[in-house]
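What follows is a set of notes on a single structure, which appears directly below.
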2 protein chains.
Amino acid sequence: MKNRARNKLANPNGAITMKKVAAEAEVSVATVSRVLAGLDGVKDSMRDRVSQTVARLNYHPNTLARGLRLGHRKVIGVIIPDLLNPFFTGVVHGVEAELYRAGYTLQVGHSDGLAEREQNQFKLLRSEGVAGLILIAGNKPTANYESLRPFGIPTVAIDRSPGGLAVDLVCANNREGVRHAVSHLLSLGHREIAIINGPEGINVAYERLGGYQDALRSAGIPLVEPFIIHSDFRQQGGYEAMRRLLDLAKLPRAVVVANNLMTLGALQAINERGIRIPEDMAVVCFDDMPWATSLRPPLTSVAQPVQELGRTGAQLLLERIKDPKRPVRQVVLATRLIVRASCGALTAAQVELPAPPRLPKTGRSAMQTSSGLEVEAGTTSNGFCIKNL
Amino acid sequence: MKNRARNKLANPNGAITMKKVAAEAEVSVATVSRVLAGLDGVKDSMRDRVSQTVARLNYHPNTLARGLRLGHRKVIGVIIPDLLNPFFTGVVHGVEAELYRAGYTLQVGHSDGLAEREQNQFKLLRSEGVAGLILIAGNKPTANYESLRPFGIPTVAIDRSPGGLAVDLVCANNREGVRHAVSHLLSLGHREIAIINGPEGINVAYERLGGYQDALRSAGIPLVEPFIIHSDFRQQGGYEAMRRLLDLAKLPRAVVVANNLMTLGALQAINERGIRIPEDMAVVCFDDMPWATSLRPPLTSVAQPVQELGRTGAQLLLERIKDPKRPVRQVVLATRLIVRASCGALTAAQVELPAPPRLPKTGRSAMQTSSGLEVEAGTTSNGFCIKNL
DNA sequence: ATGAAAGCGCTAACAA
DNA sequence: TTGTTAGCGCTTTCAT
């Protein structure tokens with residue numbers, strides 16, 4: 001009965017198992033397990049014998065079995081709306097960096113911004129027994145995050161606040177960032193300032209609009225309704241939005257574009273019309289991207305701490321996994337206004353200083369060599385603000 | 001004995017298990033399993049009873065247990081050198097799109113291009129029992145892929161050929177692509193053409209250099225040694241490489257940059273020196289990116305079928321999983337030369353036609369409205385070439 | 001200090 | 001057609 005080889009399916013490639021190691025080392029599986037877990041109460045002679053056998057057989061534990069036994073494993077699920085947007089992948093990079101150090105792997109699901117796929121990915125990841133979840137929600141405010149609550153998986157949201165889901169959130173100070181950008185344009189003498197914003201009904205777009213309004217209001221400038229355009233955070237959307245602005249009878253003289261991809265589209269529309277930047281149209285982009293310095297003129301932008309968003313999210317998640325009962329937190333990271341030429345603040349000559357092309361890890365100092373070109377846009381001095389909710 | 005609750009660890013959130021469903025529906029677990037697997041030989045009344053209970057209890061199978069039992073699960077590991085490079089994430093997007101349809105999830109490991117991390121990720125993914133592996137190898141030709149062979153996991157490499165590892169490979173026709181780009185520059189009258197290439201010793205850089213040499217050779221133009229620079233595929237590297245070219249006593253008048261990020265760096269160096277594109281320096285970029293149309297002038301580039309690389313890789317992997325014994329294949333996808341203004345072929349007026357900013361899914365036709373601006377660079381008519389090795 | 005054995009949730013061979 | 005049960009590889013309690 002014992003030997004009747006009931007299954008040919010399992011362990012198809014005859015992998016080394018703990019049992020084999022135990023047999024080879026002439027100890028019990030319990031001892032092998034203990035050695036591998038680094039528990040004490042094992043005689044050194046035993047420990048050595050096991051370690052050597054493990055090495056000799058090139059044994060690697062089966063984390064599936066381990067996970068089944070333990071009820072979880074060192075894998076974090078990540079749900080991201082768009083793999084093609086460098087902002088999101090930058091965030092994931094930050095998440096990965098932090099989690100890798102803690103010995104976790106990432107299981108990434110891509111929702112396409114679709115609520116249905118998002119839901120689906122959730123289910124998949126839950127079935128996979130992930131230890132936690134990083135959620136970057138899609139554009140649709142309609143998504144039913146409520147139904148995700150019973151999943152009971154430690155979850156941290158980044159950037160987008162999933163409506164109705166009381167989870168930890170880390171995001172940039174969108175409102176402050178845009179307010180600062182618009183204030184800067186105002187200080188340069190601009191009055192006709194437009195905004196190409198994200199979709200209505202999602203929190204980041206709402207906050208960015210708020211910053212725009214704050215700045216104009218405190219300068220005593222009335223809002224011009226056609227200068228406020230809601231688009232979709234995508235390149236084509238930015239292109240179309242900019243064309244709408246350029247078709248206006250009364251043109252704006254400056255525009256703040258609320259994300260990276262829309263800015264690319266907007267720039268193309270501007271270029272196509274032969275409109276000069278910044279003379280005819282000043283441009284500021286929310287979200288600093290590698291190509292900002294390669295554009296002509298270089299792009300003034302509001303830099304989000306992209307990787308930091310990911311890192312911080314990962315830290316919060318690790319803490320929540322450790323203590324699921326801890327109060328929900330919201331971390332708001334400061335943005336930085338990086339002044340280049342597209343807003344009209346600098347002459348071309350100033351910008352063409354020989355400087356590193358892209359802020360390296362120690363980006364701050366690199367930028368500061370161009371003294372004063374960078375301003376911190378945030379309310380806190382340490383660039384880190386925790387709200388306990 | 002039975003009820004002594006030995007473990008408080010496993011199944012921490014008291015998830016619904018198949019056993020509970022079976023109890024609730026008053027059938028055996030086998031029946032539940034059969035219903036869920038869609039096997040026949042189950043009476044309809046039973047099937048309905050189970051289905052309803054499954055729905056009512058909101059049961060979701062534990063894929064870990066399933067995976068342990070079966071020896072594999074519907075997860076594909078992906079190893080990628082750089083999450084911050086849109087080319088790689090574009091490929092992953094393609095992989096994901098294809099695999100999602102087949103019901104697979106992705107488990108992504110990020111190697112940072114480091115051989116050691118790559119190896120590490122390999123081990124992790126193996127322990128995780130992934131059903132297959134998509135490998136985009138790092139820049140280091142030193143990586144020891146040989147040692148990965150015994151893993152026995154179905155593997156497909158994309159873009160980079162992992163030295164010494166006989167696996168399916170899908171890549172773009174690098175040689176043809178660069179040859180075409182250089183030929184185009186030659187046809188515009190350029191003679192002093194430089195190349196900023198990737199690191200020596202990796203296959204894609206080797207092939208791209210080959211294409212450069214092919215084109216010059218067939219035009220009877222001797223190679224100028226300082227015009228050939230090896231860099232690292234990163235933005236900073238491209239910046240430095242371009243500065244080296246611009247410091248030359250005898251300047252090139254055109255440059256082909258062998259990847260997306262290096263081009264950004266090169267452009268910045270060019271802009272900093274106040275050098276005009278294309279009048280003083282024609283620029284062609286290998287790899288078309290969303291920002292190519294937003295640059296001024298718009299960037300002539302060799303488009304790789306980014307997502308297609310991923311999709312095809314995924315298909316090959318699925319086929320290999322189905323039949324691990326099938327012969328190793330290599331798929332080479334055609335590139336497209338997209339002529340814009342940075343090579344000097346077009347006047348600004350021509351380029352500023354009102355056209356969609358970015359090729360949508362039906363990219364081909366969109367580009368063709370600008371008639372003749374796009375040329376197919378590839379040896380095959382169907383854009384798909386399979387070599388059986 | 002070490003080992004025996006239960007059992008995590010599932011699949012599938014075998015029995016009925 | 002349905003049920004019973006072994007066992008995937010691991011961790012951990014309990015016994016020795």
Side-chain angles (χ1 to χ4, degrees), chain A residues 1-23 25-50 54 59-74 126-129, chain B residues 1-23 25-47 49-50 54 57 59-74 126-129:
Chain A
M1 268 304 196
K2 268 287 175 63
N3 294 337
R4 68 177 139 151
R6 302 163 118 259
N7 287 307
K8 45 274 305 165
L9 280 168
N11 194 359
N13 21 349
I16 308 296
T17 70
M18 193 177 258
K19 205 157 133 191
K20 287 188 194 154
V21 173
E26 294 175 304
V27 296
S28 71
V29 287
T31 302
V32 177
S33 180
R34 281 193 271 256
V35 169
L36 259 48
L39 300 178
D40 40 34
V42 182
K43 257 209 293 213
D44 282 358
S45 61
M46 280 278 155
R47 190 178 298 283
D48 291 352
R49 190 136 53 94
V50 170
V54 162
Y59 165 77
H60 291 277
N62 178 327
T63 58
L64 252 53
R66 188 168 195 282
L68 176 62
R69 180 62 229 254
L70 261 34
H72 63 88
R73 63 209 170 109
K74 288 222 144 190
R126 180 183 51 174
S127 290
E128 287 284 339
Chain B
M1 268 304 195
K2 268 285 176 63
N3 294 336
R4 71 179 138 149
R6 303 165 117 259
N7 287 309
K8 43 276 303 168
L9 282 168
N11 194 358
N13 19 350
I16 309 294
T17 70
M18 192 178 262
K19 206 156 132 192
K20 287 186 193 156
V21 173
E26 295 175 302
V27 296
S28 72
V29 288
T31 301
V32 177
S33 179
R34 280 191 272 255
V35 170
L36 260 47
L39 300 178
D40 40 33
V42 183
K43 257 210 291 211
D44 282 358
S45 60
M46 281 278 154
R47 190 177 298 280
R49 189 136 55 96
V50 169
V54 161
L57 298 187
Y59 166 77
H60 290 276
N62 178 328
T63 57
L64 253 54
R66 187 167 196 282
L68 176 60
R69 180 61 228 257
L70 261 33
H72 63 88
R73 64 208 168 110
K74 287 221 144 189
R126 179 183 51 174
S127 289
E128 287 284 338

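Each chain gets a letter, A, B and so on, in the order the sequences are listed, and its residues count up from 1. Values reported hereafter were calculated over all heavy atoms of this structure, with side chains retained and with hydrogens, waters and symmetry mates removed.
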Please give, in whole Å, the distance from [N] [atom2] to [X] [atom1]?
{"X": "Leu70(B)", "N": "dC10(C)", "atom1": "CG", "atom2": "P", "result": "13 Å"}
{"X": "Leu39(A)", "N": "dG3(C)", "atom1": "CG", "atom2": "C1'", "result": "15 Å"}
{"X": "Asp48(A)", "N": "dA1(C)", "atom1": "CG", "atom2": "P", "result": "15 Å"}
{"X": "Arg73(B)", "N": "dG9(C)", "atom1": "CZ", "atom2": "P", "result": "17 Å"}
{"X": "Lys20(B)", "N": "dC8(C)", "atom1": "NZ", "atom2": "P", "result": "11 Å"}
{"X": "Arg66(A)", "N": "dT12(D)", "atom1": "CZ", "atom2": "P", "result": "8 Å"}
{"X": "Ile16(A)", "N": "dC8(D)", "atom1": "CD1", "atom2": "P", "result": "15 Å"}
{"X": "Tyr59(B)", "N": "dG9(C)", "atom1": "OH", "atom2": "C1'", "result": "7 Å"}

Nucleotide nearest [X] when distance is taken to its side chain, options [options]:
{"X": "Lys43(A)", "options": "dC10(C), dT1(D), dT2(C)", "answer": "dT2(C)"}
{"X": "Pro61(B)", "options": "dT2(C), dC10(D), dC10(C)", "answer": "dC10(C)"}
{"X": "Val42(B)", "options": "dC8(D), dC10(C), dT2(D)", "answer": "dT2(D)"}
{"X": "Asn62(A)", "options": "dG9(D), dC10(C), dT2(C)", "answer": "dG9(D)"}
{"X": "Thr17(B)", "options": "dT12(D), dT2(C), dC10(C)", "answer": "dC10(C)"}

Under 4.0 Å, counting only non-hydrogen atoms across every strand here, what does Val27(A) touch: a base, just sugar-phosphate, or nothing?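 Sugar-phosphate contact only - Val27(A) comes under 4.0 Å of backbone atoms but never of a base.
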Which heavy atom of Leu64(A) sits nearest a heavy atom of Arg73(A), and at what distance?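 Heavy atoms only, the tightest pair is CD1-NH1, 4.4 Å.
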Check side-chain hydrogen bond (donor to acceptor under 3.5 Å, both in side chains) between Ser127(A) and all other residues, then give those that pass, not counting sequence neighbours.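 If we apply the side-chain hydrogen bond (donor to acceptor under 3.5 Å, both in side chains) test to Ser127(A), skipping adjacent residues, there are no hits.
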Applying side-chain hydrogen bond (donor to acceptor under 3.5 Å, both in side chains), name anything that partners Arg66(A), two or more places apart in sequence or on another chain.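 If we apply the side-chain hydrogen bond (donor to acceptor under 3.5 Å, both in side chains) test to Arg66(A), skipping adjacent residues, there are no hits.
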Roughly how far apart are Glu26(B) CD and Met46(B) CE, rounded to 0.5 Å?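 If I round to the nearest 0.5 Å, the distance is 9.5 Å.
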Show me, pair by pair, the donor-acceptor contacts under 3.5 angstrom made by side chains of residues 28-37 of chain A, not counting sequence neighbours?
from, atom 1, to, atom 2, distance (Å)
Ser28(A), OG, Ala30(A), N, 3.4
Ser28(A), OG, Thr31(A), N, 3.3
Ser28(A), OG, Thr31(A), OG1, 3.2

Upstream residue (5' side of DNA chain C) when Met18(B) and Ser45(A) are each assigned their closest nucleotide: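 Result of the comparison: Ser45(A).
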Heavy atom of residues 30-38 of chain B under 4.0 Å from DNA chain C: which residues?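 Of all residues in residues 30-38 of chain B, the ones placing a heavy atom under 4.0 Å from DNA chain C are Ala30(B), Ser33(B).
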Just wondering, do Thr17(B) and Asn62(B) contact through their side chains at under 4.5 Å, heavy atoms?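 When only atoms from C-beta onward are counted, Thr17(B) and Asn62(B) do not touch, as no gap falls below 4.5 Å.
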Does dG3(D) have its OP1 or OP2 closer than 4.0 Å to a side-chain nitrogen or oxygen of Ser28(B)?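 Answer yes for this pair, as a side-chain N or O of Ser28(B) is under 4.0 Å from OP1 or OP2.
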With sequence neighbours excluded, tell me which residues meet salt bridge (charged side-chain N to carboxylate O under 4.0 Å, His left out) with Arg49(B).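 Salt bridge (charged side-chain N to carboxylate O under 4.0 Å, His left out) check on Arg49(B) returns nothing, list empty.
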